[in-house]
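Notes follow the structure.
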2 protein chains.
Amino acid sequence: MRLTTKRRYALNAVLDLALQPRGCAVSLKEISDRQKIPLAYLEKLFRKLRQSEVVKSVRGAAGGYLLTKNASELTVADVVAAVEEHELDRNHCSGFCNCNEHMPCLTANLWKELNRTVYDFLNGITLEELIRKIRHEKQ
Amino acid sequence: MRLTTKRRYALNAVLDLALQPRGCAVSLKEISDRQKIPLAYLEKLFRKLRQSEVVKSVRGAAGGYLLTKNASELTVADVVAAVEEHELDRNHCSGFCNCNEHMPCLTANLWKELNRTVYDFLNGITLEELIRKIRHEKQ
DNA sequence: ATTATACCAGACTAAAATAGTCCGATATGA
DNA sequence: TCATATCGGACTATTTTAGTCTGGTATAAT
């Protein structure tokens, strides 16, 4: 799984949000400035993050975004999956896996396991852990 | 990591090769027919597989390809890495990771660990194991 | 020798995924 | 009522992936 700018943006933006004092909504303008992410693109990403209930929004002036849960209850997998265009696991074999009498369909199964491994890895890391790292490194 | 057709083709083709009796070279034409992979594309893939010393070639009529090692000494990671256009781990942070005073560069580090995990997974599976699965499923 | 078969190399094109923009809404605090 | 935000979707640009095309070289068989 590549670290695309989309994933990096999403993670950095959500972490930026998580780093701000809880309770008050953070505007995308702020995040855009701090993280150097194009505002329009950030809006697109946060639409998905909201639909996946990683964040919730406050509309209107002084509006912005808030995490829906504690940083300890959100994982990297939540954030990454939210901004994914296609579902994370689209390696299903539906006639396209070249299975035939000489070669049963096993690459698809292999990748299913691989994706499980990747998911477990990303789901094992909470935003809180990352925040701790950030605070630690800043000293 | 997505299961692209390139990776699936490469794996299926090498497995097809590994399934043929050892010693005699297997032509891409045969593999192309059995696995339903465009011959020209297969040639392109096998060029890389040869450069990475996963296979070796025998030129001329009655020529073809052979595995360089035993199926037990080759892993899925070897095959996948061979056909990769860019190196598997290109998630390095060279000014593009948005690190700043509010956000040290940790997504890149995170992905480095993730890639390690992915590599370990793929490197833990030998072609021999896959072949065993194939033979087992055919019964 | 000649021919058919196969590998070999690189440039080229096509399609798909990613990255990002643009425009015009709607909501709301000041 | 205005400035500041979120919203939604269509649009474009760029990059990656997928695959083709052309022409070459090696070699076993005829």
Side-chain angles (χ1 to χ4, degrees), chain A residues 1-13 17 20 24-33 35-66 68 80 82-88 90-91 96 98, chain B residues 1-13 17 20 24-33 35-66 68 80 82-88 90-91 96 98:
Chain A
M1 175 185 267
R2 280 173 52 212
L3 176 53
T4 59
T5 64
K6 191 198 291 188
R7 291 172 183 145
R8 203 180 59 235
Y9 282 173
L11 259 176
N12 282 341
L17 179 55
Q20 308 314 313
C24 55
V26 180
S27 75
L28 294 189
K29 180 72 175 55
E30 288 178 60
I31 298 178
S32 166
D33 288 343
Q35 301 298 332
K36 307 279 183 292
I37 301 171
L39 179 57
Y41 195 42
L42 210 44
E43 287 183 342
K44 197 177 174 182
L45 295 180
F46 269 73
R47 223 180 296 171
K48 288 186 184 167
L49 287 166
R50 184 174 53 82
Q51 281 159 2
S52 300
E53 297 183 321
V54 172
V55 301
K56 57 190 168 191
S57 67
V58 178
R59 299 190 66 169
Y65 287 91
L66 298 149
T68 51
V80 169
V83 296
E84 222 60 39
E85 204 66 41
H86 316 276
E87 60 276 18
L88 253 173
R90 56 174 152 161
N91 303 324
F96 293 110
N98 291 37
Chain B
M1 175 185 268
R2 280 173 51 215
L3 176 52
T4 59
T5 64
K6 191 198 291 187
R7 290 173 184 145
R8 203 180 59 234
Y9 282 173
L11 259 177
N12 283 341
L17 179 55
Q20 309 313 313
C24 56
V26 179
S27 75
L28 293 188
K29 180 74 175 56
E30 288 178 59
I31 298 179
S32 166
D33 288 343
Q35 302 298 331
K36 308 277 183 291
I37 301 171
L39 179 57
Y41 195 43
L42 209 45
E43 287 185 339
K44 197 177 173 183
L45 295 180
F46 269 73
R47 223 180 295 171
K48 288 186 185 168
L49 287 165
R50 184 174 53 83
Q51 283 160 1
S52 300
E53 298 184 319
V54 172
V55 300
K56 57 189 169 193
S57 67
V58 178
R59 298 189 67 168
Y65 288 92
L66 299 150
T68 51
V80 169
V83 296
E84 222 61 37
E85 204 67 41
H86 317 274
E87 60 277 19
L88 253 172
R90 55 173 153 162
N91 303 324
F96 292 110
N98 291 38

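Letters go in sequence order (proteins before strands), and every chain restarts at 1.
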Would you please name every residue forming a side chain to side chain donor-acceptor pair (under 3.5 Å) with B:Lys56, sequence neighbours left out? none
Quick tally for nucleotides 1-9 of chain D: nucleotides whose base has a protein heavy atom under 4.0 Å get B, sugar-phosphate-only ones S, the rest -, giving ---BSBBBB
[atom1] of [X] versus [atom2] of [N]: gap in Å, rounded?
X       : N      : atom1 : atom2 : value
B:Lys48 : C:dC7  : NZ    : P     : 18 Å
A:Met1  : C:dT18 : CE    : P     : 10 Å
B:Tyr41 : C:dT13 : OH    : P     : 18 Å
B:Lys44 : D:dC21 : NZ    : C1'   : 12 Å
B:Leu45 : D:dT17 : CG    : C1'   : 11 Å
B:Arg7  : C:dA17 : CZ    : C1'   : 13 Å

Does anything in residues 37-49 of chain B pair up under salt bridge (charged side-chain N to carboxylate O under 4.0 Å, His left out), and if so which pairs, sequence neighbours excluded? B:Lys48-B:Glu85
Check for a donor-acceptor pair, side chain of A:Arg8 on one end and backbone N or O of A:Leu3 on the other, with a separation under 3.5 Å. no
Looking at residues at least two apart in the chain, or sitting in another chain, which of them share a salt bridge (charged side-chain N to carboxylate O under 4.0 Å, His left out) with B:Glu30? B:Arg34
Please list all pairs meeting ring-ring contact (aromatic ring centres under 6.0 Å, His included) that have one or both residues in residues 39-64 of chain B, counting only residues at least two apart or in different chains. B:Tyr9-B:Tyr41, B:Phe46-B:Tyr65
Under the side chain to side chain contact (heavy atoms under 4.5 Å, CB included) test, which residues partner B:Val83, sequence neighbours left out? B:Lys6, B:Ala10, B:Leu45, B:Leu49
State whether A:Thr5 places a side-chain N or O below 4.0 Å from either non-bridging phosphate oxygen (OP1 or OP2) of C:dT18. no
